[in-house]
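To find a chain, count down the sequence lines: A is the first, B the second, and so on, and within it residues start at 1.
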Amino acid sequence: MKFKSIKGTKDILPDESHLWQSVEQHIRSVMETYNYKEIRTSVFEETSLFARSIGELTDIVGKEMYSFIDRSGDSLTLKPEMTAAVIRSYIQHNLGKKQPLTKVYYLSPAFRQERPQAGRLRQFHQFGAEAIGGSNPEIDAEIISLSAAIYKKFGITEFEVRINSVGCQKCREEYKFILKSFLSAIANKLSTESQRKIDTNPMRVLDSKDENDKQLTIGAPLIKDYLCDECRIHFEKLQSLLQIAGVDYVVDGRIVRGLDYYTKTAYEIISNELGSQDALTGGGRYDLLVSELGGKPTPSVGFAAGMERLIMILKKRNKLNVTAPHPKLFIAAMDDKSRNRVFQEIFKLRNQGISCETDLLNRSLKAQMREADRQQADYVIVIGENEINSNRVSMKAMRTGIQQEISLDELPNYLTGN
RNA sequence: GUGACCAUAGUUCAGUUGGUUAGAACGCCAGGUUGUGGCCCUGGAGGUCGAGGGUUCGAGUCCCUCUGGUCACCCCA
């Protein structure tokens with residue numbers, strides 16, 4: 001085979017595309033219930049936008065971005081996540097001037113050059129939302145509730161919302177200092193991975209998957225015990241609001257998100273049905289990002305979720321009772337002489353918005369019937385000399401096999417009446 | 001980037017210690033007499049056995065390299 005899809009990319013084939021459409025439609029409907037409006041940004045941006053927002057030292061920026069130099073010498077990057085692009089757009093178009101709080105959602109492909117595995121692709125699809133312009137914990141609660149509501153909309157209830165506060169610049173620095181000294185004391189017993197992180201990103205040591213590391217860090221200081229008053233009050237208020245909103249959650253003091261820009265609230269939605277990549281959703285508050293990217297200081301919250309991971313669960317749980325679109329009517333031609341008349345009827349019906357199909361390959365009547373069955377057409381009529389002369393056709397309901405004779409002129413009414 | 005396992009029709013898979021024309025199921029196509037699908041029956045098409053090297057009289061089967069897939073690590077959606 002000469003050409004193949006790029007490693008880590010997947011074609012969504014005609015058999016499956018309607019399933020994606022249906023999932024997307026459900027997501028949109030929940031987003032709109034919460035009064036978020038869609039934003040679409042281009043798939044690529046200036047490389048420096050992501051470097052600045054996500055953080056130079058993160059894995060995403062350090063080794064996973066699809067970056068390239070275009071013909072004018074600019075460095076561009078296929079977006080590895082959506083928030084940076086949304087914020088860039090928010091600032092560029094002065095959306096904050098039109099209203100104090102901007103609520104947007106998106107559905108978009110994203111790109112990261114990682115080794116593919118279950119629930120991880122190089123081109124993947126995210127949906128998510130951002131509420132830009134407010135610092136109230138009510139907004140954090142709304143974002144978390146919204147993301148959980150989407151899974152509930154699909155009948156998925158087996159997931160866990162884990163929340164944490166990662167503090168602000170002030171209290172996080174103090175905490176990191178304390179944490180580092182705790183970790184340094186046990187450094188020689190930690191895994192080499194974790195040892196490396198003590199200086200660069202000590203909070204990540206706490207969510208190491210290494211069993212030994214887990215044991216060693218059981219008594220480690222957690223940031224929730226070192227929050228400043230403002231962050232602590234915000235976190236407590238968020239929890240009471242989640243209770244009011246009816247969102248079940250657990251506090252997990254070890255959550256650290258992989259993107260540098262989070263402040264205060266950080267949260268994840270985890271499923272135990274996904275394999276190793278178990279995060280359905282990740283999100284949190286990023287009060288410093290807008291100003292970091294050149295806008296006015298604008299506190300914001302958001303989340304991003306993986307489409308493929310959602311669909312994995314839906315498939316596993318058999319929650320995808322979506323029916324593929326199928327033609328209402330199939331018109332078979334008795335013989336070649338009748339084909340022009342068949343086409344005439346087909347186009348007439350299609351012009352009236354009725355989905356119908358006919359044989360385009362000059363096949364036998366039997367083959368045409370088989371095709372109609374395969375296409376799951378609701379009805380079939382056969383047009384031949386008799387029908388052309390009498391202007392009457394036998395309408396066969398394929399599910400029941402019952403035939404009913406009607407006039408050709410009644411066809412549109414008959415079909416739309418059903 | 002690291003590791004493990006895998007790669008045979010459109011799909012899911014068989015393929016004996018290396019030995020003639022590489023099989024099955026499903027799917028696809030055509031028939032089973034007069035103008036009607038599904039079930040059933042019969043027949044047919046379809047494979048450079050992932051690619052390239054090597055060992056051998058002989059390789060789908062053994063060895064090497066590459067590519068791709070799957071899963072895990074890392075990290076994340």
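- The partner of B:G44 is B:C28, by the rule that a Watson-Crick or G-U pair needs both atom distances under 3.5 Å.
- Between A:Asp373 atom CG and B:C40 atom P there is a gap of 13 Å when expressed in whole angstrom units.
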From CA spacing to verdict: side-chain contact (heavy atoms from CB on, under 4.5 Å), A:Tyr151, A:Leu280: CA-CA 9 Å; A:Tyr151 298 105; A:Leu280 282 170; 3.4 Å; yes

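- Judged by distance alone with a 3.5 Å cut-off, a donor-acceptor contact links the side chain of A:Arg112 to the base of B:A77.
- Comparing atom distances between the A:Glu64 side chain and each of B:U70, B:C75, B:C73 picks out B:C75 as nearest.
- For A:Lys180, the NZ atom sits in a packed shell: over 12 heavy atoms of surrounding residues, nucleotides or ligands are nearer than 6.0 Å.
- Comparing the P positions of B:U20 and B:G58 gives a spacing of 15 Å, expressed to the nearest Å.
- Taking 4.5 Å as the limit, every side-chain heavy atom of A:Val382 sits out of range of all side-chain heavy atoms of A:Val393.
- Separation of the P atoms belonging to B:C41 and B:A25 is 11 Å when rounded to the nearest angstrom.
- No contact: A:Glu81 has no heavy atom under 4.0 Å from any strand.
- Comparing the same atom, P, in B:U55 and in B:C64 gives a spacing of 15 Å after rounding to whole Å.
- Spacing between B:A9 and B:G23 at atom P, rounded to whole Å, works out to 14 Å.
- Minimum atom distance to the side chain of A:Gln277 is reached by B:C73, of the listed B:C73, B:C29, B:A77.
- One P atom belongs to B:G69, the other to B:U61, and the distance between them is 22 Å to the nearest Å.
- Pairing partner, B:G38: none, since no Watson-Crick or wobble contact has both distances short of 3.5 Å.
- Distance check on atom C1': B:A14 versus B:A7 gives 15 Å, rounded to whole Å.
- Open room surrounds NZ on A:Lys189; 12 or fewer heavy atoms of other groups in view lie less than 6.0 Å from it.
- Distances from the side chain of A:Phe124 to the nucleotides B:C74, B:U70, B:A77 place B:A77 closest.
- Phosphate contact (OP1/OP2 of B:C76, side-chain N/O of A:Arg204, threshold under 4.0 Å): present.
- Checking the phosphate oxygens (OP1, OP2) of B:G69, no side-chain nitrogen or oxygen of A:Arg120 falls inside 4.0 Å.
- As rounded to whole Å, 11 Å separates atom P of B:C28 from atom CD of A:Gln375.
- Between A:Gln195 atom CD and B:C74 atom P the separation is 15 Å, expressed in whole Å.
- The same atom, C1', is picked in B:C13 and in B:G60; the two are 14 Å apart, to the nearest Å.
- In this structure, CZ of A:Arg374 is placed 12 Å from P of B:C39, rounded to the nearest angstrom.
- Between A:Lys366 and B:C29, a side-chain N or O to OP1/OP2 separation shorter than 4.0 Å is absent.
- With a cut-off of 3.5 Å on both pairing distances, B:U56 has no Watson-Crick or G-U wobble partner at all.
- When each of A:Val247, A:Val161, A:Ile269 is paired with A:Ser147, the side chain to side chain contact (heavy atoms under 4.5 Å, CB included) condition holds for A:Ile269 and for no other.
- When each of A:Arg363 and A:Met369 is assigned the nucleotide of RNA chain B bearing its nearest heavy atom, the one mapping closer to the 5' terminus is A:Arg363.
- Contact between the side-chain N/O atoms of A:Lys7 and the OP1/OP2 oxygens of B:G69 is found at a separation under 4.0 Å.
- Base pairing annotation: B:U21 forms no Watson-Crick or G-U wobble pair, as no partner gives both donor-acceptor distances under 3.5 Å.
- Atom pair A:Met312:CE and B:U70:P shows a separation of 11 Å (rounding to whole Å applied).
- Nucleic acid contact class of A:Ala304 (heavy atoms, under 4.0 Å, all strands): sugar-phosphate only.
- Using a 4.0 Å heavy-atom cutoff across all strands shown, A:Ala367 reaches sugar-phosphate atoms only and no base atom.
- A:Gly401 comes within 4.0 angstrom of a base, heavy atoms only.
- Counting any heavy atom pair closer than 4.0 Å across all strands shown, A:Leu121 reaches a base atom.
- The same atom, P, is picked in B:G47 and in B:A22; the two are 12 Å apart, to the nearest Å.
- Residue A:Leu310 is classed as having no contact, given no heavy-atom separation below 4.0 Å to the nucleic acid.
- As the counterpart of B:A72, B:U2 is assigned, both hydrogen-bonding distances of the Watson-Crick or G-U wobble pattern falling under 3.5 Å.
- The distance between atom CZ of A:Arg162 and atom C1' of B:C76, rounded to the nearest whole Å, is 14 Å.
- Across all strands, A:Gly282 comes closer than 4.0 Å only to sugar-phosphate atoms, never to a base (heavy-atom distances).
- Proximity of A:Arg399 to the phosphate of B:G38: no side-chain N or O atom is located under 4.0 Å from OP1 or OP2.
- No hydrogens or angles were tested; on distance alone, nothing pairs the side chain of A:Lys4 with the base of B:G50 as donor and acceptor under 3.5 Å.
- Within the 4.0 angstrom heavy-atom criterion, only backbone atoms of the sugar-phosphate kind lie near A:Gly8; the bases stay farther away.
- Counting only N and O atoms by type, the side chains of A:Asp409 and A:Asn391 include a donor and acceptor under 3.5 Å apart.
- If you check the side chains of A:Ser300 and A:Tyr90, you find no donor sitting under 3.5 Å from an acceptor.
- Nucleotide B:G38 holds its C1' atom 18 Å from the OH atom of A:Tyr379, rounded to whole Å.
- Taking 3.5 Å as the limit, the base of B:C76 and the side chain of A:Arg309 contain a donor-acceptor pair of atoms between them.
- Within the structure, a side-chain polar atom (N or O) of A:Gln117 is placed less than 4.0 Å from OP1 or OP2 of B:A72.
- Across the protein-nucleic acid pair, A:Arg115 atom CZ and B:C71 atom C1' stand 11 Å apart, rounded to whole Å.
- Each of A:Arg122 and A:Gly384 was matched to the nucleotide of RNA chain B holding its nearest heavy atom; the match closer to the 5' end belongs to A:Gly384.
- With A:His26 as the fixed residue, the ring-ring contact (aromatic ring centres under 6.0 Å, His included) test singles out one of A:Phe127, A:Trp20, A:Phe154: A:Phe154.
- For the residue pair A:Gln243/A:Tyr249, the side-chain donor-acceptor check at 3.5 Å is satisfied.
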